There are 2 protein chains.
Amino acid sequence: MESVAKLAGVAPTTVSRALNHPDKVAQKTRDRITQVIQQTGYVPNLLAGGLASNKSRLIAVIVPSLVNIVYAETIQHFAKPMKEAGYQVLQGEVGYDLEEEEKLIAAVLSRRPDAIFLTGIHHSNNCRRQLLAANIPIVETWDVTPTPLDIVVGFSQEAVGKQTADFFYEKGYRKFAIVSAEDHRATLRNASFKKTLAAKGIENVAVSIVPGISNLELGRHAAAKLFDEGLHDSLIFCSSDTLAHGVLTEAQVRGISVPEDISIVGFGDQNFAAFTYPALTTVRIDRATMGRLSANALLCRLNNVDVTEKVIDLGFEIVVRDTA
Amino acid sequence: MESVAKLAGVAPTTVSRALNHPDKVAQKTRDRITQVIQQTGYVPNLLAGGLASNKSRLIAVIVPSLVNIVYAETIQHFAKPMKEAGYQVLQGEVGYDLEEEEKLIAAVLSRRPDAIFLTGIHHSNNCRRQLLAANIPIVETWDVTPTPLDIVVGFSQEAVGKQTADFFYEKGYRKFAIVSAEDHRATLRNASFKKTLAAKGIENVAVSIVPGISNLELGRHAAAKLFDEGLHDSLIFCSSDTLAHGVLTEAQVRGISVPEDISIVGFGDQNFAAFTYPALTTVRIDRATMGRLSANALLCRLNNVDVTEKVIDLGFEIVVRDTA
DNA sequence: TTGTACGCGTTATCAC
DNA sequence: GTGATAACGCGTACAA
């Protein structure tokens with residue numbers, strides 16, 4: 001920066017200003033500086049800038065998995081407005097383990113992010129303490145709670161379980177099963193789903209859990225297990241559209257008709273859900289809005305604009321197509 | 001750090017050493033310091049550390065798309081060893097536009113990453129200059145070239161096109177079509193595929209291009225267009241497994257038998273490919289190894305270990321299953 | 001509108 | 001094994 005200043009015949013301060021507050025520098029001076037920057041290929045050092053200004057222009061994003069497309073989509077929609085506002089995203093993958101999250105968060109906070117985006121509302125105590133101590137805007141997502149760390153944007157997992165059970169019960173279904181990943185939020189939905197059914201006198205819900213990630217293969221395996229156990233005439237509530245697609249495929253391979261012999265409900269309404277054959281009935285989660293509103297809330301905080309709603313419940317929608 | 005030092009009764013220097021070179025500090029002193037850090041919840045400032053040491057412990061990763069799972073997977077495998085070596089990943093999404101890449105790279109370089117991971121080997125001149133000027137280890141991926149910026153780990157797009165055409169020609173196919181995303185690397189494969197067929201006297205290859213991203217829906221649309229135009233008895237070469245899955249679904253919906261009436265070849269061998277019905281014939285790309293070797297190469301450079309192979313061609317494999 | 005002087009929190013160097 | 005000191009490259013209050 002010093003050399004740029006010299007070449008432009010100004011003080012370093014002026015170069016800094018030309019970059020960060022262009023309106024506070026005379027047109028002519030600014031032009032001269034930009035030209036020198038072009039020629040020299042000067043790249044500002046944001047490490048130094050961040051240290052001096054106490055603003056890193058970095059937003060930390062914590063997700064369970066980079067390869068789970070539903071999180072990737074949320075982040076994409078989150079990152080766009082952030083990028084436009086001049087922030088970069090530092091992404092951390094954390095698995096579904098609370099202790100791992102704690103470590104990652106410590107590592108990430110040492111970069112002094114200006115704000116942080118969290119997936120889920122369950123964190124270890126240590127984690128909560130660190131987060132609060134960082135004293136930066138925080139948005140928690142993919143769930144809701146009356147007591148967020150700062151702001152929460154999501155939907156109620158319990159409500160999904162309950163309303164889905166109610167909805168399909170009223171549609172006339174009396175036999176139910178669950179295919180689910182071993183994921184905290186899915187577990188909440190399942191518990192609520194089963195509880196709701198139990199209240200209606202339906203106690204034996206067959207459950208097939210797949211470990212870790214959701215993919216087509218695991219969906220097929222889980223379904224195969226249920227079918228081998230003699231499951232029929234049931235509605236299978238899946239923890240993701242991907243698993244549901246696997247269940248659908250396995251049914252097809254075995255000549256089991258959907259929705260005549262077996263009904264299937266996915267979760268997420270990913271972009272392929274409307275285009276499987278038959279088209280997948282599912283629970284729509286508005287991931288784009290979740291990302292957008294999260295960004296919005298953080299940007300308000302960062303710009304010292306009052307955030308009126310600290311708890312944003314996006315809700316969800318049961319989308320009936322052809323599999324149930 | 002200063003307060004930690006005071007509480008532990010040492011100089012700040014010693015705290016820094018205890019953190020970064022623990023072996024250079026007496027056991028007892030170290031224990032005292034770690035204890036104080038626990039109590040106070042001190043979080044080091046990597047911005048300041050980076051500025052002082054000229055090492056950010058940050059690796060920049062540039063990908064076309066966060067939601068394209070094949071890139072996400074590569075990065076996941078890349079990030080793991082990097083994380084274990086104490087580096088964090090700063091991710092940048094760039095679309096398929098060269099100019100956008102240039103801007104993003106400038107933004108990312110201002111964080112002073114210790115190394116950079118690039119997708120593809122085609123960059124604007126400005127971009128190459130900036131990259132070279134940064135004077136850090138660079139790995140380019142998803143393609144090969146005899147003249148990498150630094151290191152390249154990938155496979156030849158042309159070879160994929162050629163060998164796939166040869167292979168299925170020899171299997172007896174004489175009619176071909178292409179379903180492809182509007183993606184630079186896919187375009188290279190397609191050109192090579194068509195050129196190889198042309199050399200065998202096969203000139204009219206029906207092509208259906210989908211804009212931007214690959215998903216099941218677009219695969220179905222592209223296939224629908226081809227089927228509407230009367231395509232039959234052909235082998236459809238797709239630019240991704242996802243598109244191929246869409247083509248497969250559209251065939252199914254229309255009662256077109258696969259592989260009797262139409263054959264389908266995907267690209268990537270994603271984890272669902274073996275589990276579609278019928279199972280997808282495809283071209284396997286070893287994304288895990290690509291990520292791993294990229295990390296390995298960068299770590300060698302970062303540790304001043306000689307990198308013998310600057311061009312690593314991973315190759316690929318045609319995996320014959322049931323759709324062709 | 002521009003420049004001066006200082007400090008941000010850490011690490012490298014050198015001395016002890 | 002430990003401490004003092006000087007950078008690292010920039011932003012900002014204040015002065016001009």
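This structure is a prediction, so every number in the text was calculated from the model and none was measured. Letters go in sequence order (proteins before strands), and every chain restarts at 1.
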**Q** Without hydrogens or angle criteria, can the side chains of A:Thr289 and A:Asp286 be said to hold a donor-acceptor pair below 3.5 Å?
**A** yes
**Q** What I want to check is whether the side chains of B:Gln35 and B:Arg32 have a donor and an acceptor closer together than 3.5 Å.
**A** no
**Q** Does a sphere of radius 6.0 Å around CG in B:Asp23 hold more than 12 heavy atoms from other residues, nucleotides or ligands, not counting ones at 6.0 Å or beyond?
**A** yes
**Q** Under 3.5 Å, is there a donor on one side chain and an acceptor on the other for B:Glu140 and B:His123?
**A** yes
**Q** For the pair B:Phe78 and B:Phe117, name the ring-plane relationship: parallel under 30°, tilted 30 to 60°, perpendicular over 60°.
**A** tilted
**Q** Starting at OG of A:Ser56, measure out to CG of B:Leu47 and round the result to the nearest 0.5 Å.
**A** 6.0 Å
**Q** Taking A:Asp150 first and then A:Lys310, would you say they form a salt bridge - that is, a charged N and a carboxylate O separated by under 4.0 Å?
**A** yes
**Q** Let me know the distance between NZ of A:Lys6 and C1' of C:dT2, rounded to the nearest Å.
**A** 18 Å
**Q** Would you say the side-chain atoms of B:Asn125 and B:Arg128 include a donor-acceptor pair closer than 3.5 Å?
**A** no
**Q** Just by protein heavy atoms under 4.0 Å, how would nucleotides 6-16 of chain C read 5' to 3' in B, S and -?
**A** -BBBBBB----
**Q** 5'-most contact on DNA chain D: B:Asn54 or B:Val25, nearest heavy atom basis?
**A** B:Val25
**Q** Got a sec? Which of residues 26-33 of chain B come in under 4.0 Å of DNA chain D, heavy atoms?
**A** B:Ala26, B:Thr29
